[in-house]
Amino acid sequence: MANAVSDSAPTHSAAPTERIDIVGRRPIAWWPVGLIAAASTLLLLITASRYDYHRDELYFRMLGAHPQWGYADQPPFTPLLGRLGIEIFGDTVWAMRVPFAIILGLTVVLTAMIAREAGGGQTAQTIAAAGVISVFPLTAAHVGSTAAPDLLVWLGVIFFVMRALLHGRDRAWLAAGVTAGLGLYNKHLVVLLLAALAAGLLIAGPRHVFRSRWLWAGVAAAALVGLPNLIYQVVSGFPQADMAAAIAENKGGESRAMLLPFQLVLLILPPVWMAGLVTAFRDRRLRCLALAYPILLILVLVTAGQPYYPLGLLLALFAIGAVPVERWMAGRRWRLIAVGASIPVFAMLSIVSSLPVIPEDDLGGSFVASANTTVADQIGWRDYVWQIGTVYAGLSATDQSRTVLFTGNYGEAGALDRYGRALGLPEVYSGHNELHNYGPPPDGKTVVLAVMQAAPPRQFGDCEDKVRLTNSAGVENEELDAQVYVCRLIEPWSRIWPSVQHYD
């Protein structure tokens, strides 16, 4: 598999009549890649409404109704993208997921384009495209996660970096910078990628790129495009730093322990991205990409980031690895059969593990629901709101007029905001992340219907435990720890509100 990345003459992996352009790239495999992209998008659209919202989507639905340059826990792009779906198609879970289904299709195409930049022909591009049909990319795009646009951003940056390094297209550095700057409006994680790539270039080269005015133009473009988001952070006191610290404190130990094992399950056929890692390391032009991966792992480990953070770079290595795999398969029928059979099998397992294929009534106690918490967190929201509404209906008319809803997390708040109005429930408030900025409730609201995983704050006064939330599907998720309380305040909201703020 050595020297698999090439920008020179065609090798034996190319078909005799296959055209090679002046930089050694094969034609774009539009038919197989396009079919995989279209099928992946269509699959997400068909299954989009089988379960309910994910807790993050319920939260993004609330944030998207209040557009701004940034929020306490994240930049604005993903909530606004969900809002775009609502504005076009209506206020449904399916509508919110349409833009992300399209993003997955674009991710398929871009991954194949990276394989092409690395010298891959039709087979390599097809393998690269199929690599996107893995558990995490499917899960992220299905539930409208910030990770879905972020994956596209990382691949875009790497695509342009490879154009500059492999083919001498110096203007591609500018395109990489603009892509990174736009990516800052979705997540700030692209900074980790840029840092890892810069470190890789400094260590392994080619260092002459630092003399290119286009590279520094790209750096300036990234800073300029992302400036409004940075200004928001400065003016707001860097809430993203507080959020990162909270994640590290709450999940840091688990994230560090799972970082390396997760790398083996993020994508189908791990040997392919391992081949890409070796191939990139052997090519001096792409060695910085190979080094960027362990550097990125170290950065994620030190910052206690989530184990899936390196996925964008890992998928690019998968695309590069598809090139030597294509050559390994050439002219050997049994290898072609082995890889050709493995891809659909692993893709099908990924689909079952990430998308709402299993009927909701059969999810309780299933391996999928226990192994993939994203699946479990789409279950039971209507049940929970109905149970909360039953407690509210049991209050006297006087108490109802003085009642507000308060939740311990944004998923509960989002569910009550989405479904509570139809039941005549009052306004909902929460101290969780950005929702704290939407309060406090009026001081005259002295009765609190609180939905909490822990005991209510002492300022809530005497609280009566009314019901523990359950869902009819019997799926274990975070909300099964929640209790519904009726509390009568002993202090006004204006005094209580600062103490209920929390990041998670």
Side-chain angles (χ1 to χ4, degrees), residues 1 4-5 13-15 26-44 46-47 101 104-142 148 151-152 155 262-280 308 311-355 357 368 371-372:
M1 294 185 185
V5 178
S13 65
R26 291 359 182 230
I28 301 174
W30 284 121
W31 274 109
V33 172
L35 285 174
I36 294 172
S40 62
T41 296
L42 183 61
L43 178 64
L44 291 188
I46 291 173
T47 59
L104 185 71
L106 295 175
T107 301
V108 169
V109 174
L110 188 51
T111 305
M113 294 292 286
I114 289 175
R116 178 182 181 247
E117 290 297 313
Q122 176 171 295
T123 301
Q125 293 175 44
T126 303
I127 293 172
V132 180
I133 314 303
S134 300
V135 172
F136 192 83
L138 287 174
T139 300
H142 169 63
L151 186 58
L152 190 63
L155 291 172
F262 241 71
Q263 307 310 300
L264 299 177
V265 298
L266 285 173
L267 296 174
I268 62 173
L269 300 178
V272 178
W273 68 257
M274 293 176 186
L277 188 65
V278 173
T279 299
Y308 66 82
L311 178 61
L313 180 52
L314 201 65
L315 188 51
L317 291 172
F318 185 97
I320 295 171
V323 180
V325 170
E326 177 183 45
R327 294 177 178 173
W328 177 76
M329 294 166 56
R332 298 169 178 86
R333 180 174 296 180
W334 72 268
R335 294 180 180 179
L336 179 64
I337 294 173
V339 175
S342 298
I343 288 176
V345 169
F346 279 98
M348 185 59 65
L349 290 174
S350 297
I351 289 169
V352 173
S353 301
S354 55
L355 300 183
V357 175
V368 171
N372 190 344

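The first residue of the sequence shown is numbered 1, and numbering continues consecutively from there.
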Do Leu266 and Trp273 make a side-chain contact, defined as non-hydrogen atoms from C-beta onward lying under 4.5 Å apart? no

If I take atom CD1 from residue Ile320 and atom CG from residue Leu315, how far apart are they, to the nearest 0.5 angstrom? 10.5 Å

Once rounded to the nearest 0.5 Å, what's the spacing between atom OG1 of Thr111 and atom CD1 of Ile127? 13.5 Å

When the side chains of residues 129-138 are checked against the rest of the protein, which donor-acceptor pairs come out under 3.5 Å, sequence neighbours left out?
{"unit_1": "Ser134", "atom_1": "OG", "unit_2": "Gly131", "atom_2": "O", "d": "2.6"}
{"unit_1": "Ser134", "atom_1": "OG", "unit_2": "Ile268", "atom_2": "N", "d": "2.9"}

Does the Arg335 side chain pair with the main chain of Arg333, one donor and one acceptor, at a distance under 3.5 Å? no

Quick one: side-chain contact (heavy atoms from CB on, under 4.5 Å) partners of Leu43, sequence neighbours excluded? Thr47, Ile351, Leu355

N/O donor to acceptor pairs below 3.5 angstrom from side-chain atoms of residues 340-348, sequence neighbours left out:
{"unit_1": "Ser342", "atom_1": "OG", "unit_2": "Ala338", "atom_2": "O", "d": "2.7"}

Taking only residues two or more places apart in sequence, or in another chain, which ones meet Ala124 in a side-chain contact (heavy atoms from CB on, under 4.5 Å)? Ala322, Val323, Glu326

Could you report the tightest heavy-atom contact between Ala280 and Leu317, atom names first, then the distance? CB-CD2, 4.5 Å

Specify the closest pair of heavy atoms between Val108 and Ser40, including all atoms of both residues, with the distance to one decimal. CG2-OG, 3.8 Å

Kindly write out the residues that satisfy side-chain contact (heavy atoms from CB on, under 4.5 Å) with Val109, not counting sequence neighbours, or none if the list is empty. Trp30, Val33, Ala37, Met113

Just to verify, what does Thr126 make a side-chain contact (heavy atoms from CB on, under 4.5 Å) with, not counting sequence neighbours? Pro32, Ile36, Gln122

Counting N and O atoms only, with roles assigned by atom type, does the side chain of Gln125 sit under 3.5 Å from a partner on the main chain of Gly120, one being a donor and the other an acceptor? yes

Would you compute the distance between atom CE of Met329 and atom CD1 of Ile337 and round it to the nearest 0.5 angstrom? 10.0 Å

Heavy atoms of Ala101 and Thr41 approach each other most closely as O-OG1, 2.9 Å

Within the structure provided, determine whether Leu311 and Leu267 are in side-chain contact (heavy-atom separation under 4.5 Å). yes

To the nearest 0.5 Å, what is the distance between CG (Leu151) and CG (Leu314)? 10.0 Å

Exercise: identify the closest heavy-atom pair between Leu269 and Phe318: O-CE1, 3.7 Å

